[in-house]
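Here's the structure, in structure tokens; my notes come after.
Note that this is a predicted model, so its numbers are computed, not measured. Just so it is clear: chains get the letters A, B, ... in the order the sequence lines come, proteins before strands, and each one is counted from 1.
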Number of protein chains: 2
Amino acid sequence: MPITVLLVDDEPLVRAGLRAVLEAQPDIEVVGEAADGAAVIPLVRRLRPDVVAMDVRMPLMDGIEATRAVLRTVEDPPKIIVVTTFEQDEYVYEALRVGADGFLLKRARPAEIVHAVRLVAEGESLLFPASVRQLAAEYGESGGNRAARAVLDRAGLTGREAEVLRLMARGLSNAEIAGRLVVGVETVKSHVSAVLTKLGARDRTQAVIVAYESGFVGLG
Amino acid sequence: MPITVLLVDDEPLVRAGLRAVLEAQPDIEVVGEAADGAAVIPLVRRLRPDVVAMDVRMPLMDGIEATRAVLRTVEDPPKIIVVTTFEQDEYVYEALRVGADGFLLKRARPAEIVHAVRLVAEGESLLFPASVRQLAAEYGESGGNRAARAVLDRAGLTGREAEVLRLMARGLSNAEIAGRLVVGVETVKSHVSAVLTKLGARDRTQAVIVAYESGFVGLG
DNA sequence: ACCGGCCTCCCCCGCCCGGGGGAGACGGTC
DNA sequence: GACCGTCTCCCCCGGGCGGGGGAGGCCGGT
């Protein structure tokens, strides 16, 4: 039984491209298309796709709102991949925050697109593909701090949360972080929870992975 | 009250160098020296240092054996930093495996040495400093696989354990890894435990950090 | 003066994680 | 055949982790 996909994008050309790429795969089937987020919910209810490839920027209801709406109102919701053109992806972390399972660049190679669909269909999240790293690289590999700050800005981490994330990425436990920052463990737990939510991570391990992949912490 | 340090190295020159560097710090005090691992245990019992800086290569009893002996026979044992010249550090992971709290290159800059002593004295482990990365880099940055394999060989991970570590470094839970490898969760837990022990990591987060820092998993 | 963001701490609770042990099956080695 | 390493699964158990809420204080902006 193939992986069923619903395409949501206001540009017919993009939909056609995605369809061509995905339908070339024997195990993937495009079961529907929508031109705006507002049309997504009834379609999801009717078609019950495994995966929704959702554009972020659409006229009536954007991908963020649509993602949130689907996840809130549909039970046993599909996996949602947010598709972005990357130049205007202030929405990337927004999307992860509202519960998207991954994101994808429109300029991605076909093999990557197929790969992404299969991965999220398997239930694995795609939180940190090339996109985030490119985001970091965009700000110049020399300005590591600037890049990290850029990533941070998107995630909306506060100063304290960023500090906690750095210590998490050094392998410290909540108690150790509390000791280091001279605050209570409960406080650290609050910050950690905030970090996990904002990064779209399920646990501290995933958060640390995001920290590395985004260049927030480096290999220096 | 200052951090007390015991130096263990067969070369008087190295001991003198370490002493000079450490004693220059107001909060660090060198309380003793030994020329061989065999002399360490009584000294530790008598002096009760906070930190032992232990050379790996020594005539009668090497640093690995001495580390193991101290940690097994002394109660409330000191933190142990293994000092290596790096060319012959097949012992690095050996050391971490028997319970050392960190390692240090003899060629490290004074500030780094001081930093390392303070860190382990604070109870933080220094599992993945420059050493491991240099180890990886030594094998050529082009041959990423070769480098990863080299690190792995030192850690002594089996094929299955390496596989599990890779999945851990992608943020998967034990249950998800079990599903992926089509084995029981109990099996995965066994492998994870083995990985943690061999890498000297306390939890999966630290293991993933080691994986990144060693180049075992990359930022590609 | 009010509001909102941030930091701080608190409660309860379920669960995954990791340690400690043990054990059987297989394959290769000596 | 005996041995060892690997992979597989099992038990018990404590503790850290993370979710869900709530709440108070501080500061800066309106």
Nucleotide N/O of nucleotides 3-7 of chain C paired with protein N/O under 3.5 Å:
unit_1 : atom_1 : unit_2    : atom_2 : d
dC7(C) : OP1    : Arg160(A) : N      : 3.0
dC7(C) : OP2    : Thr158(A) : OG1    : 2.5

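- A salt bridge between Arg202(A) and Glu176(B) is present, with a side-chain N of the basic residue lying under 4.0 Å from a carboxylate O of the acidic one.
- Rounding to the nearest 0.5 Å places CG of Asp50(B) at 13.0 Å from CZ of Arg118(B).
- The two residues Met54(A) and Val40(A) come nearest to each other via the heavy atoms SD-CG2, 4.3 Å.
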Summarise protein proximity over nucleotides 13-30 of chain D in one line of letters, 5' to 3': B for base, S for sugar-phosphate only, - for none, counting protein heavy atoms closer than 4.0 Å.
----SBB-----------
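- Spacing between atom CD of Glu163(B) and atom P of dT6(D) amounts to 15 Å, rounded to whole angstrom units.
- Here the side chains of Thr187(A) and His191(A) are in contact, with some heavy-atom distance below 4.5 Å.
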Could you walk me through whether Glu163(A) and Arg166(A) pass salt bridge (Lys or Arg N to Asp or Glu O under 4.0 Å), step by step?
CA-CA 5 Å; Glu163(A) 212 167 345; Arg166(A) 270 197 196 83; over 6 Å; no
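- Atom pair Glu186(B):CD and dG24(C):P shows a separation of 17 Å (rounding to whole Å applied).
- The closest side-chain heavy-atom distance from Met168(A) to Val192(A) is below 4.5 Å.
- Taking all atoms of both residues into account, the shortest heavy-atom contact from Ala66(A) to Gly37(A) is CB-CA, 3.8 Å.
- Atom pair Leu165(B):CG and dG18(C):P shows a separation of 12 Å (rounding to whole Å applied).
- As rounded to whole Å, 11 Å separates atom P of dC17(C) from atom CD of Gln206(A).
- Contact check for Ile3(B) versus Glu29(B): no side-chain heavy atoms found under the 4.5 Å cut-off.
- Separating the CD atom of Glu176(B) from the C1' atom of dC15(C) is a distance of 14 Å, rounded to the nearest angstrom.
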